[in-house]
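One structure is given here, and the rest of the page talks about it.
Quick caveat: nothing in here was measured; it's all calculated off a predicted structure. Quick note: numbers below take in every heavy atom, side chains included, and nothing from hydrogens, waters or symmetry partners.
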Amino acid sequence: MSAPSSTSSTFATCVERLLADLKYRYQPLPPPNADFWDPFHQWMFCTLGPTTSWSEKRLAELEHASGGIIERGYPYADTEVQLLYAKVTALAILVDDIMDDEATCVELAQFSHKLFLGEPQKNSMLALYHATLKEVSHLFEGSEVMRDMAVIPWIVFIDGCLVEKQMFLSQQDSDAPKATHLEGLAPNFPRYLRGRSGASESYVAGIFKAAKAQNLPVDRIIKIFPDAVFFCDVVNDILSFYKEELAGETHNFIHIRTRSLASAGKRGSGPAGEWTAHDTLRLLCQELLEATRRVDGVLRLEECERKMRGEVSDGVDDLDVEIAKQWRGWRDGYISWHFECRRYKLNSSGVTTGVPAISV
């Protein structure tokens with residue numbers, strides 16, 4: 001299925017302008033790190049694989065996506081951190097992709113309940129998910145605040161996916177009244193739902209945890225968390241839009257927010273002045289740019305990079321530079337991963353950013 005040329009053109013124009021405004025820097029993909037990829041491959045096929053019914057080909061695609069985001073987004077992290085985040089990412093993608101399995105959803109619905117009661121997870125995949133969250137907790141045991149930010153989102157993630165399924169997916173083949181009428185009455189609901197199904201706060205915590213021994217002062221980074229979480233969510237929403245339009249998906253954040261804004265009477269670029277998904281795409285690009293600039297400003301990214309180049313930069317210390325460097329690594333690497341990952345089909349989107357074409 002091909003996207004309409006107007007969709008491709010609008011998408012490409014928005015993304016190219018956004019990346020230019022963000023001053024995005026593409027760095028060539030480094031050679032594979034065997035210390036990371038070999039044990040991750042072993043875990044994927046010998047530990048995670050047996051808990052699923054997925055084929056080797058499908059597991060390989062999951063390995064490519066989940067390992068790639070960590071390799072790209074955490075370039076300054078050690079192997080322990082990269083492996084752990086790759087594992088929990090693989091598990092989360094798996095959960096998101098099996099929401100159409102009713103039997104599994106029954107078990108997913110009991111995950112947090114069993115967790116809170118201290119009861120074992122009978123489903124082997126969920127038992128592995130729980131065990132991996134324990135590892136994440138140990139990784140962040142040097143800071144209670146950061147530990148909560150790193151672990152709790154993965155619990156909320158499962159419940160958020162279940163809410164999405166209940167509201168949207170389960171209604172596709174039923175005569176039950178749709179919940180979309182609520183979106184116009186609750187303009188903040190789309191972002192609230194997106195936050196519950198993203199686990200982005202944990203990824204932000206991971207940006208500033210390059211090693212278990214690294215315990216950055218929370219007061220130096222806590223103020224950027226809301227905007228950095230927004231960055232994680234919305235970069236993914238924008239760069240997922242093309243593949244989701246190809247698939248005809250209408251229950252993603254961009255379409256939910258479009259219906260919300262349209263119901264509230266916001267005027268847009270539609271033939272009759274109605275608000276459209278392309279209007280939401282453009283709005284999100286602007287909001288993302290503003291949020292990213294706020295993070296850059298708080299972390300003094302430009303001043304820190306001047307110091308890294310040996311230029312004069314008053315008032316910037318080594319800790320500022322360390323924090324800014326890890327943010328820049330995620331900021332550019334997370335975007336690059338979307339262009340390199342086959343899952344997002346961006347090689348056919350018409351975007352020209354200097355990123356090499358994705359191999360299929």
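- Cys14 places none of its side-chain heavy atoms less than 4.5 Å from the side chain of Ile238.
- Counting non-hydrogen atoms of neighbouring residues, nucleotides and ligands closer than 6.0 angstrom, the CZ atom of Arg17 reaches no more than 12 such neighbours.
- Without hydrogens or angle criteria, Thr52 side chain to Gly49 main chain gives a donor-acceptor distance under 3.5 Å.
- Residues Trp327 and Tyr76 keep their aromatic ring centres 6.0 Å or farther apart.
- Arg343 is listed as a side-chain neighbour of Ile93, based on a closest heavy-atom distance under 4.5 Å.
- Leu289 contributes atom CG, which lies 5.0 Å from atom CG of Asp21 (distance to the nearest 0.5 angstrom).
- Residues Leu133 and Val88 form a side-chain contact, since some pair of their non-hydrogen atoms from C-beta on lies under 4.5 Å apart.
- Judged purely by distance below 3.5 Å, without hydrogens or angles, the side chains of Asn236 and Tyr344 pair a donor atom with an acceptor atom.
- The line from CD1 of Ile155 to OG of Ser112 is 8.0 Å long, rounded to the nearest 0.5 Å.
- Of the charged side-chain nitrogens involved, at least one lies within less than 4.0 Å of a carboxylate oxygen, so that Glu61 and Arg342 count as a salt-bridged pair.
- Between the side chain of Ser260 and the backbone N or O of Ile256 there is no donor-acceptor pair closer than 3.5 Å.
- Leu239 places a side-chain heavy atom less than 4.5 Å from the side chain of Phe339.
- The aromatic rings of Phe208 and Phe225 sit tilted, their planes meeting at an angle between 30° and 60°.
- Ring-plane geometry between Tyr85 and Tyr203 is classed as tilted, the angle between the planes lying from 30 to 60 degrees on a 0 to 90 degree scale.
- Between Asp317 and Lys307 there is no salt bridge, since no side-chain nitrogen of the basic residue lies less than 4.0 Å from a carboxylate oxygen of the acidic one.
- Using the six-membered ring where Trp is involved, Trp154 and Phe157 have ring planes that are perpendicular, over 60° apart on the 30 and 60° scheme.
- The closest side-chain donor-acceptor pair between Arg282 and Ser269 falls under 3.5 angstrom.
- Linking ILVMFWY side-chain heavy atoms closer than 4.5 Å, directly or via other members, places Leu299 and Val145 in a single hydrophobic cluster.
- Side-chain atoms of Leu22 and Ile335, non-hydrogen and from C-beta on, do get closer than 4.5 Å to each other.
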Check your understanding: Would His251 and Glu244 count as a side-chain hydrogen bond (donor to acceptor under 3.5 Å, both in side chains) if you check the C-alpha gap in whole Å, the side-chain angles of each, and the deciding distance to 0.1 Å?
Key -> CA-CA 10 Å; His251 296 313; Glu244 290 168 351; over 6 Å; no
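- Distance check: Leu283 CG to His278 NE2 gives 14.0 Å after rounding to the nearest 0.5 Å.
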Practice item. Under the side chain to side chain contact (heavy atoms under 4.5 Å, CB included) rule, what do Thr13 and Thr10 come out as? Steps first, then yes or no, please. Key: CA-CA 5 Å; Thr13 299; Thr10 301; 5.9 Å; no
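- Between Arg306 and Arg300, every side-chain heavy-atom pair lies at or beyond the 4.5 Å cut-off.
- Relative orientation of the Tyr334 and His338 rings is perpendicular, given thresholds of 30° and 60° on the angle between their planes.
- Counting heavy atoms from C-beta outward, Gln82 and Asp78 have side chains that stay 4.5 Å or more apart.
- One N or O on the side chain of Asp279 and one on the backbone of Thr276 form a donor-acceptor pair closer than 3.5 Å.
- A donor and an acceptor atom, one from each side chain of Glu322 and Gln214, are located under 3.5 Å apart.
- For Arg331 and Glu305, the salt-bridge test fails: no basic side-chain N is under 4.0 Å from an acidic carboxylate O.
- Using a 4.0 Å cut-off between charged nitrogen and carboxylate oxygen, Arg293 and Asp296 do not count as a salt-bridge pair.
- Using a 4.0 Å cut-off between a side-chain N of Lys or Arg and a carboxylate O of Asp or Glu, Arg72 and Glu340 qualify as a salt bridge.
- The backbone N or O of Ala247 sits nowhere less than 3.5 Å from a side-chain atom of Glu249 that would complete a donor-acceptor pair.
- Going from atom CG of Leu108 over to atom CD of Glu102 covers 11.0 Å, rounded to the nearest 0.5 Å.
- Between Gln27 and Asp332 the shortest side-chain heavy-atom distance does not fall below 4.5 Å.
- Rounding to the nearest 0.5 angstrom, the gap separating the CZ atom in Phe40 from the OG1 atom in Thr47 is 11.0 Å.
- In this structure, CZ in Phe253 is found 8.5 Å from OG1 in Thr280, a value given to the nearest 0.5 Å.
- Remark: the Asn215 side chain and the Ser143 side chain contain no N/O donor-acceptor pair separated by less than 3.5 Å.
- The environment of Gln42 atom CD is sparse: at most 12 non-hydrogen atoms of other residues, nucleotides or ligands sit within 6.0 angstrom.
- Sparse packing is recorded around CD of Glu56, with 12 or fewer heavy atoms of other residues, nucleotides or ligands lying under 6.0 Å away.
- Using a 4.5 Å cut-off between side-chain heavy atoms of Ile, Leu, Val, Met, Phe, Trp and Tyr, with links allowed through other members, Phe36 and Trp43 fall into the same hydrophobic cluster.
- Other residues, nucleotides and ligands contribute over 12 non-hydrogen atoms within 6.0 Å of the CD atom of Glu141.
- In this structure a side-chain-to-backbone donor-acceptor pair under 3.5 Å is missing from Lys114 to Leu117.
- Looking at Trp275, its side chain never comes within 3.5 Å of a backbone N or O of Gly270 through a donor-acceptor pair.
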